[in-house]
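Owing to the predicted nature of the structure, the values given are computational and were not obtained by experimental measurement. The chain is numbered in sequence order, starting from 1.
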Amino acid sequence: NGGVTWGRIDCTHPASINCIFFPDSLKGFTCGTNGEISRTTDGGNNWVLQNTGVNAGTFTSIKFVNNTGFSTYQNTNGICAVFKSEDDGSNWVNVYSDTLAYFNSLEYKDQHITVTGSMGRIVKSTDNGISWTSNKQNIINGFSYIKFINEMTGIACGWGYTCNRMYKTTTGGENWIIYGSDTNVNNVYSIEFADLNTGYKVGGYSNLFSRIYKTTNGGMNWIQKSFQ
């Protein structure tokens, strides 16, 4: 009913879930700890573990376009990676590895994949994950979440000491600038844009400081929305 009411679905898998993504109303994916990625084909009522090839470490984000998906991964040995599936999530392979940053978020549109993480590290592919380039932005700590509105325009939120700061790119992720006003929110966990102008971000610190903000000018200004 559009999020008016919510019901709990118990999952038998022991992993903590870090990200959930539904490409349509029936098919969805979750990723999390213990190297687990799960898939549902009935709108979330039942979930089945997929073959990731790892049984430890943490998958932090996941996105799909048609039957092809990407997921960011990190483990306690300092290895960060991007995994790819070409069979609707059934099997996954490592297509990029790094030891220079922790990967927190990815965005996937058409054949363009942008991965962000700590230390200002940006990893990109423009050929559906066949080849990758890496660069470091002059940003304290790095990004915790990224959202592309179109192929060239993206919004990201800071991580660590800059967790309430917003950044914007109009070059497809090659360059980022501080954008808009800071908001009184300790951590931003997710950003979503309906179009170039209208967007939302959520965050906070525990249930005492939860916040929802809305922008109607592309992220330049944010207005806090109240809970009902």
Between K109 and E151, is the closest basic N to carboxylate O distance under 4.0 Å? no

Mind checking whether I122 and T116 have side chains closer than 4.5 Å, heavy atoms only? yes

Below 4.0 angstrom, N of the basic side chain to O of the carboxylate: do K27 and D42 qualify? no

When clusters are formed by joining ILVMFWY residues with side-chain heavy atoms under 4.5 Å apart, either directly or through shared neighbours, do V115 and W176 land in the same one? no

F21 reachable from I37 in the ILVMFWY side-chain graph, under 4.5 Å edges: yes

Looking at L106 and S61, what are the two nearest heavy atoms and their distance? N-OG, 3.4 Å

Report the C-alpha distance between S85 and D87 in whole Å, list the side-chain angles of each, state the deciding distance to 0.1 Å, and finish with yes or no for side-chain hydrogen bond (donor to acceptor under 3.5 Å, both in side chains). CA-CA 6 Å; S85 172; D87 57 4; 2.9 Å; yes

Supply the atom-to-atom distance I149 CD1 to T169 OG1, rounded to the nearest 0.5 angstrom. 10.5 Å

Under 4.0 Å between a side-chain nitrogen and a carboxylate oxygen: does that hold for E174 and K124? yes

Could you tell me the separation between the OG atom of S105 and the CD1 atom of I62, rounded to the nearest 0.5 Å? 12.5 Å

D110/V65 under side-chain contact (heavy atoms from CB on, under 4.5 Å): CA gap, chis, key distance, verdict: CA-CA 7 Å; D110 298 322; V65 172; 6.0 Å; no

Ignoring hydrogens and geometry, is there a side-chain-to-backbone donor-acceptor pair from K84 to N128 under 3.5 Å? yes

Using modelled atom types and a 3.5 Å cut-off, is there a donor and acceptor pairing between side-chain atoms of N150 and backbone atoms of M152? yes

Taking every non-hydrogen atom, the tightest pair across V95 and W132: O-NE1, 3.6 Å

Roughly how far apart are T41 OG1 and N46 CG, rounded to 0.5 Å? 8.0 Å

Between S134 and Y96, does the side-chain contact (heavy atoms from CB on, under 4.5 Å) criterion hold? Intermediate values first, please. CA-CA 11 Å; S134 176; Y96 180 84; 3.7 Å; yes

Check whether D24 reaches the backbone of L26 with its side chain - one donor and one acceptor, N or O, closer than 3.5 Å. yes

Would you call N67 and E86 a side-chain contact if the rule is heavy atoms closer than 4.5 Å? no

Please lay out, stage by stage, how K63 and F70 fare under the test side-chain contact (heavy atoms from CB on, under 4.5 Å). CA-CA 6 Å; K63 291 288 177 65; F70 291 87; 5.8 Å; no

Inter-residue atom distance E36.CD - S16.OG, 0.5 Å rounding: 9.5 Å

May I ask you to check whether over 12 heavy atoms, not counting those of N45, lie within 6.0 Å of atom CG? yes

Applying a strict under-4.5 Å side-chain criterion to I, L, V, M, F, W and Y, I'd like to know whether L196 and I191 cluster together. yes

Would you check if there is a donor-acceptor pair between the side chains of T133 and N135 at a distance under 3.5 Å? no

Passes side-chain hydrogen bond (donor to acceptor under 3.5 Å, both in side chains), Y167 versus N175? Steps please. CA-CA 10 Å; Y167 298 86; N175 300 286; over 6 Å; no

Is the shortest side-chain heavy-atom distance between F148 and T153 below 4.5 Å? no

Minimal heavy-atom distance between G28 and P23, with the atoms involved, is CA-CD, 4.2 Å

Non-hydrogen side-chain atoms of R39 and V48 separated by less than 4.5 Å: no

Do you see a donor-acceptor pair shorter than 3.5 Å between the side chains of N66 and T68? no

Donor + acceptor pair across side chains of N94, S97 (<3.5 Å): yes

Just checking, is any N or O donor in the side chain of N217 or T215 under 3.5 Å from an acceptor N or O on the other one? yes

Interatomic distance, OG1@T58 vs CG@N34, rounded to 0.5 Å, equals 7.5 Å

Decide yes or no for F64 and Y108: does some side-chain heavy atom of the first lie under 4.5 Å from some side-chain heavy atom of the second? no

Polar side chain donor-acceptor pair, Y213 to N221, under 3.5 angstrom: no

Just checking, any donor-acceptor pair under 3.5 angstrom between side chains of D127 and S125? yes

Parallel, tilted or perpendicular, judged at 30° and 60°: which one describes the rings of Y73 and F59? tilted

For W222, is the NZ or CZ atom of K201 found under 6.0 angstrom from the centre of its six-membered ring and inside 45 degrees of the ring axis? yes

I want to check something: taking the side chain as every heavy atom from C-beta on, are T60 and N104 in contact at a cut-off of under 4.5 Å? no

Spacing of I212 atom CD1 and K225 atom NZ [to the nearest 0.5 Å]: 10.0 Å

Do the non-hydrogen side-chain atoms of V123 and F103 ever get within less than 4.5 Å of each other? yes

Measure the shortest side-chain to side-chain distance between Q74 and T72 over non-hydrogen atoms and say whether it is less than 4.5 angstrom. no

Could you go through the side-chain contact (heavy atoms from CB on, under 4.5 Å) check for T114 and I146 one step at a time? CA-CA 9 Å; T114 304; I146 184 175; 3.7 Å; yes

Trace of the ring-ring contact (aromatic ring centres under 6.0 Å, His included) decision for W92 with F29: CA-CA 13 Å; W92 295 80; F29 300 87; 7.3 Å; no

Taking all atoms of both residues into account, what is the closest heavy-atom pair of C80 and Y102, and its distance? SG-CA, 3.3 Å

Whichever hydrophobic residues join I177 through chains of side-chain contacts under 4.5 Å: none

